[in-house]
Amino acid sequence: MASDSKVHVFEEVAKHNKTKDCWLIISGKVYDVTTFMDDHPGGDEVLLSATGKDATNDFEDVGHSDSARDMMKKYYIGEIDSSTVPLKRTYIPPQQAPYNPDKTPEFVIKILQFLVPLLILGLAFAVRHFTKKDD
């Protein structure tokens with residue numbers, strides 16, 4: 001651990017949210033885990049999902065081993081200015097199609113998928129019947 005730890009603001013740490021540049025906030029400390037991305041047992045997606053927020057709960061919920069906690073020391077780059085960390089992250093729900101309880105458009109499409117070929121087949125037989133010369 002560095003003896004003269006730098007204090008980082010949240011906005012600065014939140015910018016480091018890519019595979020080639022990844023910083024995490026855990027227990028008030030900032031870690032640059034960029035070089036650990038490929039080696040993390042849970043994959044880099046787990047680390048990337050913990051960026052841009054205080055990842056302490058994510059880290060503790062997994063139940064990391066003592067050796068994993070010791071390993072963190074080499075990735076330590078400073079402290080976080082706790083006054084800059086947002087108290088609550090606003091949740092933005094994913095965009096979803098509106099719920100359609102009667103499924104009317106889907107039902108009409110299924111009926112048409114069945115009827116249109118039958119109408120074409122019927123039309124073909126009618127054309128054949130009426131254009132056929134009598135023997």
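Predicted, not measured: the structure shown is a model, and the values here were computed from it. Numbering of residues begins at 1 and proceeds along the displayed sequence.
- In this structure, the separation between CG on Asp66 and CZ on Arg69 is 7.0 Å, given to the nearest 0.5 Å.
- In plain terms, the two heavy atoms of Phe10 and Gly52 that are nearest each other are CZ-O, 3.1 Å.
- Residues Ala68 and His64 come closest through the heavy atom pair CB-CB, 4.0 Å.
- With sequence neighbours excluded, the residues that form a side chain to side chain donor-acceptor pair (under 3.5 Å) with Glu12 are His8.
- Atom-to-atom distance recorded for Asn17:CG and Leu47:CG is 12.5 Å, nearest 0.5 angstrom.
- The two residues Val13 and Ile80 have their closest heavy-atom pair at CG2-CD1, 3.9 Å.
- Remark: Thr35 engages no residue in a side chain to side chain donor-acceptor pair (under 3.5 Å) (not counting sequence neighbours).
- Between Gly28 and Glu79, the shortest heavy-atom contact is O-OE1, 3.2 Å.
- In this structure, the separation between CG on Leu24 and CZ on Phe36 is 10.5 Å, given to the nearest 0.5 Å.
- One finds the NZ atom of Lys18 at 14.0 Å from the CG atom of Asp44 (value rounded to the nearest 0.5 Å).
- Phe59 and Tyr76 fall within a single hydrophobic cluster, where Ile, Leu, Val, Met, Phe, Trp and Tyr are joined by side-chain heavy atoms under 4.5 Å apart, directly or via other members.
- Shortest non-hydrogen contact noted between Thr34 and Cys22 is OG1-N, 2.9 Å.
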